[in-house]
Amino acid sequence: MAEARAFINLEDVAIDPSCAMQVSADFAFDRRVLPLCVVGGDLVVAMPDTSDVKTLAEIRRDLDMPVIGVGTDVRQLERFLSKVYGGVS
């Protein structure tokens, strides 16, 4: 089941590129999500709106794995999306 937890500073997190690439750049920019890592079999996804259960459920369904949403600042997320996906939007 998709669930949301915590608030993180992306500067303090090591992003696993293989996790980030599990979603397309278009999806990540459109939905404002950044997969960070897998912890205990759950995909941890940074997003400014952790109440967006529709997006969390879509990721869970598409990747067939549990997803945990963690909150982050939208401006910081946009910077990191550009870093990770090379500015593709």
Side-chain angles (χ1 to χ4, degrees):
M1 175 164 200
E3 60 181 276
R5 295 185 185 158
F7 186 89
I8 60 166
N9 180 341
L10 292 174
E11 298 287 346
D12 298 334
V13 177
I15 299 169
D16 180 343
S18 66
C19 288
M21 296 306 148
Q22 294 296 310
V23 302
S24 72
D26 288 339
F27 183 89
F29 277 94
D30 182 53
R31 301 295 181 88
R32 291 184 170 172
V33 296
L34 178 59
L36 302 173
C37 59
V38 174
V39 176
D42 296 337
L43 180 65
V44 180
V45 179
M47 57 197 306
D49 180 8
T50 58
S51 68
D52 184 357
V53 294
K54 181 178 176 183
T55 294
L56 291 169
E58 189 171 344
I59 295 168
R60 181 188 155 279
R61 184 187 66 241
D62 291 349
L63 300 181
D64 193 29
M65 68 187 311
V67 178
I68 297 173
V70 293
T72 195
D73 177 76
V74 67
R75 281 173 253 151
Q76 186 180 55
L77 177 65
E78 288 169 351
R79 283 194 318 273
F80 273 78
L81 287 172
S82 291
K83 282 183 185 180
V84 170
Y85 293 103
V88 178
S89 63

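Computation of the quantities below employed the complete heavy-atom set of this structure, encompassing side-chain atoms and omitting hydrogens, waters and symmetry-equivalent molecules.
- Transitive grouping of hydrophobic side chains (ILVMFWY, heavy atoms separated by less than 4.5 Å) brings F27 and V38 into a common cluster.
- Under the side chain to side chain donor-acceptor pair (under 3.5 Å) criterion, E58 pairs with R31, sequence neighbours left out.
- Every residue meeting the side chain to side chain donor-acceptor pair (under 3.5 Å) condition with R32, not counting sequence neighbours, appears here in chain and number order: E78.
- Between I59 and L63, the closest side-chain pair of non-hydrogen atoms falls below 4.5 Å.
- A distance of 11.0 Å separates CD1 in I68 from CG in L36, rounded to the nearest 0.5 Å.
- Connection of M65 to V23 is established within a shared hydrophobic cluster, with ILVMFWY side chains joined at heavy-atom distances below 4.5 Å, either directly or through further cluster members.
- D49 pairs by the side chain to side chain contact (heavy atoms under 4.5 Å, CB included) definition with S51, D52, not counting sequence neighbours.
- Taking the side chain as every heavy atom from C-beta outward, M47 and L56 approach each other to under 4.5 Å.
- When hydrophobic clusters are built by joining Ile, Leu, Val, Met, Phe, Trp and Tyr residues whose side-chain heavy atoms come closer than 4.5 Å, directly or via intermediates, V67 is grouped together with M21.
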Could you pull out all donor-acceptor pairs under 3.5 Å where a side-chain atom in residues 6-15 meets a protein atom, sequence neighbours excluded?
residue: N9; atom: OD1; partner: E11; partner atom: N; Å: 2.9
residue: N9; atom: OD1; partner: Q76; partner atom: NE2; Å: 2.6

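- With sequence neighbours left out, D73 forms a side chain to side chain donor-acceptor pair (under 3.5 Å) with no residue at all.
- Looking only at side-chain heavy atoms (C-beta outward), L34 and V45 stay at 4.5 Å or farther from each other.
- Taking CG of L43 as the reference point, atom SG of C19 lies at 5.5 Å (rounded to 0.5 Å).
- Smallest separation of non-hydrogen atoms from P48 and L77: CD-CD2, 3.3 Å.
- Shown here for L81 and V33, the closest heavy-atom pair between the two residues is CD2-O, 3.3 Å.
- Atom OG1 of T55 sits about 14.0 Å away from atom CZ of R60, to the nearest 0.5 Å.
- Within the structure, salt bridge (Lys or Arg N to Asp or Glu O under 4.0 Å) pairs that include any residue of residues 14-25 do not occur (at least two apart or interchain).
- Summarising the geometry of S24 relative to Y85, their closest heavy-atom pair is C-CE2, 4.3 Å, with the distance given to 0.1 Å.
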